[in-house]
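Chain naming here is simple, since letters A, B, ... match the order of the sequence lines and numbering starts at 1 in each.
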Amino acid sequence: MRMSNLYLPTLKEDPAEAEITSHKLMLRAGLMRNHSAGIYSYLPLGYKVIKKVENITRKHMDASGAQEVLLPIVQTAQIWKDSKRWDKFGPLMMKLTDRKDREYCLGPTHEEVVTDLIKDEIRSYKDLPLNLYQIQTKVRDEIRPRFGVMRGREFIMKDAYSLDIDYEGLDKSYQAMYEAYEKTFAECGLDAVAVEADTGAMGGKDSHEFMVLADSGEDQIAFCDSCGYAANVERAAAEKEMIDFESEAEIEKIHTPEIKTIAELEAYLDLPAARMIKAVAMVADEEAVLALLSGEDELNEIKLKNHLAADQLRAAEEEEFAELFKSTAGFIGPVDLAGIRVVADQRLKNIRGAVTGANQKDYHFKNVNINRDFEVEEFADLRLVKDGEGCLECQAGTLNIKAGIEVGHIFKLGTKYSENMGASYLDENGRTQPIVMGSYGIGITRLVAAAIEQNNDQYGIIWPKAIAPYQIIILALGNDEAVAEKSEAIYQELKAEGWEVLLDDRKERAGVKFNDSELIGIPLRLTIGSRSLENGEVEAMIRENNQKLKLNLADLKEKVAELMADIS
RNA sequence: CGGAGCGUGGCGCAGCUUGGUAGCGCACCUGCUUUGGGAGCAGGGGGUCGAAGGUUCAAAUCCUUUCGCUCCGACCA
């Protein structure tokens, strides 16, 4: 491609709309432009990278035996009501109606469509297993789109759906996808790790997320430094001792004017946070729920939501304390709190001698003992793990928490969709059985951003070779005829060798060309100017380390092949 | 949805407090010079100041409404 013809609007300055590195660089390097919050147009260079990632993904999906299809973006509300997710996905879906007022949504994911598609075709165990995948634009009306393509409202995703006769088959399909994912991310030049994950709105049993470690990541992951356990903090559990202060003193109401937070209580009473019972007022599907935790712990909402099997979980609002909880914000507690569902963290099972809110403004109770002053029927692990805590898995290591970007997620769905939507087959005994499903996603556009987060420097992007929009860029410097001719000849020669080559033949000064080539991150740069040409040389620069070296014109294509082979 | 900030030429910004008819840098166009690290000089084009309404002799500036973009939060009582 000649850059004089390329639509590549690069920016010298950081755009005001971008916050994180990948977002800034995707705009500056002319990969994309913003259309609306979380919605982008991809320009030639950006779309080329996307297609590279798609093709690598496609290759490994095909190799695993999956078959590519293309499913509808516009989906009827009916299939979502059938699967009982119309309300669960709720506001996350972009909804629309047609001229006859029939309801539709723009597909945020495609489990429903796939299940609906195959349910009339798959009749026998002989038709299974099957794995169907597609690469397509998904639409999700995110609460808060941000960081460019990292959390967009419209994004490209590869999604695959496995269909098996039983759980053993599902395990095999899942394993095949797991391995295909490892190969895909490795080939894209990404350092990705699989971690145990929550299944969220997908439902189902096992689930792994593939994470690219990066400080800008939105997810927190706990890693054991000893046994290799790795899990999203949404799910991670740590080794923690039970709490009990072994007090039998009588419960006592104390005056705590304007003392509402754990931190204020600590200071006011001169007691450690572990002494407090933190009571968090939540509303789960419009039912009031009080979560109890140690004052030193934080509530993990995902764990509570899973325990309650709730569709929606949110914090109670100020006004709801009185109506729903018959209490007051800042002073809520489990004592004398009739009729409210209470779930306590398992660490509190035997707690005695604690401080907790008295459900009365400006008052707390002290010397509170469980089973004497209040009853709890439900215990669960509700706490968020913290950096440095002990690993529950091996009982030896320490958990470290790092930020990561979720680029892939695989789920064992089981029979949830097939049962709700009536997708079944006849087994060898002629009995009707639900199809056992799995679901597997890769965020293609997010992966591009993650690749940039992991591969950049002060000058711009450093593309891994496999997903670079072009592999080689030739800079023709100056107005010298001989330079232009030689550059063109080398451009043709390298193209003939099968390389993807950019020729910077623009009427720009050397500095502009150097800077743009670094910004757009092409792995290998060849600089051709009148000086070096006199010596029968061109200058090469390797983008991944910015090392420069001289190459002889005589054996240029051999040397280029050698250099490219060494570039990662 | 709550909080905060921002919308002024393609991009980045100043001007707004104290109303007087829009400016800087980059980019763009023309000419000359320059030509291996984002050139210099000279000349030039381009803006309903996000939108609507109001106050005023006069509004980018003050008031109201509205739309959009960004950030923080939406959980610790």
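Here B:C72 is the nucleotide among B:C76, B:G38, B:C72 with the atom lying nearest to any side-chain atom of A:F147. With distances taken from any side-chain atom of A:A329 to the nucleotides B:G37, B:G12, B:A77, the minimum falls on B:A77. For A:E17, the listed nucleotide lying nearest its side chain is B:U70; candidates were B:G38, B:A77, B:U70. Of the candidate nucleotides B:G37, B:C76, B:G36, B:G37 has the atom nearest to the side chain of A:N515. Listed nucleotides B:C75, B:G36, B:G38 differ in distance to A:F514; the shortest reach to its side chain belongs to B:G36. Taking every side-chain heavy atom of A:I262 into account, B:A77 is the closest of B:C13, B:C75, B:A77. Here the side chain of A:I143 is nearest to one of B:A77, B:C69, B:A74, namely B:A74. Among B:G36, B:U70, B:G38, the nucleotide with an atom closest to any side-chain atom of A:A37 is B:U70. Among B:G36, B:G38, B:G25, the nucleotide with an atom closest to any side-chain atom of A:E13 is B:G25. The side chain of A:R525 has B:G37 as its nearest neighbour among B:G37, B:G36, B:U70.
Between the side chains of A:S22 and A:E453, at least one donor-acceptor pair of N or O atoms lies under 3.5 Å. Between the side chains of A:H364 and A:T356, not a single donor N or O lies within less than 3.5 Å of an accepting N or O.
Separation of the P atoms belonging to B:G46 and B:A52 is 22 Å when rounded to the nearest angstrom. Going from the C1' atom of B:A51 to that of B:A4 covers 23 Å, rounded to whole Å. When the C1' atom is compared between B:G9 and B:A14, the two are found 14 Å apart, to the nearest whole Å. Going from the P atom of B:U66 to that of B:G20 covers 28 Å, rounded to whole Å. For the C1' atom pair drawn from B:C13 and B:G54, the interatomic distance equals 30 Å after rounding to whole Å. A distance of about 26 Å separates the P atoms of B:G3 and B:U18, rounded to the whole Å. Look at the C1' atom in both B:U56 and B:C63: the space between them is 12 Å, to the nearest Å. B:C26 and B:A39 are spaced 10 Å apart, taking the P atom of each and rounding to whole Å.
For the pair A:R509 and B:A39, the criterion of a side-chain N or O lying under 4.0 Å from OP1 or OP2 is met. A close approach under 4.0 Å does not occur between any side-chain nitrogen or oxygen of A:R146 and OP1 or OP2 of B:U70. Contact annotation: A:S532 side-chain N/O to B:G36 OP1/OP2 distance is not under 4.0 Å. Within the structure, every side-chain polar atom (N or O) of A:R144 is placed at least 4.0 Å from both OP1 and OP2 of B:A74.
Under 3.5 Å, the side chain of A:K548 and the base of B:G37 form at least one donor-acceptor pair of N or O atoms. One cannot find a donor-acceptor pair under 3.5 Å joining the base of B:G38 and the side-chain atoms of A:E508. The base of B:G37 sits within donor-acceptor range of the side chain of A:E518, with an N or O pair under 3.5 Å.
A:I520 has its CD1 atom 18 Å from the P atom of B:G38, to the nearest Å. Spacing between atom CG of A:L27 and atom P of B:C69 amounts to 15 Å, rounded to whole angstrom units. Regarding A:R314, its CZ atom lies at a distance of 14 Å from the P atom of B:G2, rounded to whole Å. Remark: P of B:A74 and CG of A:N300 are 13 Å apart, rounded to the nearest angstrom. Atom-to-atom, NZ of A:K513 to C1' of B:G38 comes out at 13 Å; the value is rounded to the nearest Å. Note: CG (A:D480) to P (B:U34) measures 15 Å, nearest angstrom. Straight-line distance from the CG atom of A:L477 to the P atom of B:A39: 13 Å, rounded to whole Å. The separation between A:I20 atom CD1 and B:C71 atom C1' is 13 Å, rounded to whole Å.
Within the shown strands, B:C13 is the pairing partner of B:G23 under the Watson-Crick or G-U definition, both distances less than 3.5 Å. Both distances falling under 3.5 Å, in either a Watson-Crick or a G-U wobble arrangement, occur for no nucleotide opposite B:G46. The nucleotide B:A59 finds no pairing partner, because no Watson-Crick or G-U wobble arrangement with both distances shorter than 3.5 Å includes it. Across all strands shown, B:A74 forms no Watson-Crick or G-U wobble pair with both key distances under 3.5 Å. Pairing for B:G68 goes to B:C6, judged as Watson-Crick or G-U wobble with the two contacts each under 3.5 Å. Base pairing annotation: B:C32 forms a Watson-Crick or G-U wobble pair with B:G40, both donor-acceptor distances under 3.5 Å.
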Task: Verdict with reasoning, A:D362 to A:T328, per side chain to side chain contact (heavy atoms under 4.5 Å, CB included) - done: CA-CA 9 Å; A:D362 294 340; A:T328 173; over 6 Å; no
- [ ] Carefully, step by step, assess A:L392 and A:V385 under the rule side chain to side chain contact (heavy atoms under 4.5 Å, CB included).
- [x] CA-CA 11 Å; A:L392 192 61; A:V385 301; over 6 Å; no
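Residue contacts for A:R28: at a heavy-atom cut-off of 4.0 Å it reaches a base atom on one of the strands shown. Within 4.0 Å of A:A18, counting heavy atoms only, lies no atom of the nucleic acid at all. Counting any heavy atom pair closer than 4.0 Å across all strands shown, A:S36 reaches sugar-phosphate atoms only and no base atom. Residue A:A16 is classed as a sugar-phosphate contact, given heavy-atom separations below 4.0 Å to backbone atoms only. Among the heavy atoms of the strands lying under 4.0 Å from A:K260 are primed sugar atoms or P, OP1, OP2 only; no base atom is included.
A:N300 places a side-chain N or O within donor-acceptor distance of the main-chain N or O of A:E234, the cut-off being under 3.5 Å.
Between A:N34 and A:L533, the one whose closest nucleotide on RNA chain B sits nearer the 5' end is A:L533. Of the two residues contacting RNA chain B, namely A:F331 and A:I528, the nearest-nucleotide position lying further toward the 5' end is that of A:I528.
Aromatic ring pairs are classed by plane angle as parallel below 30°, tilted from 30° to 60° and perpendicular above 60°; the pair A:H255 and A:Y363 is tilted.
Within the cation-pi definition used here (under 6.0 Å to the ring centroid, within 45° of the axis), A:R140 does not qualify as a partner of A:F155. Cation-pi geometry between A:K48 and A:Y470 is satisfied (NZ or CZ under 6.0 Å from the ring centre, within 45° of the ring normal).
Here the closest non-hydrogen pair linking A:V195 and A:N232 is CG2-N, 3.9 Å.
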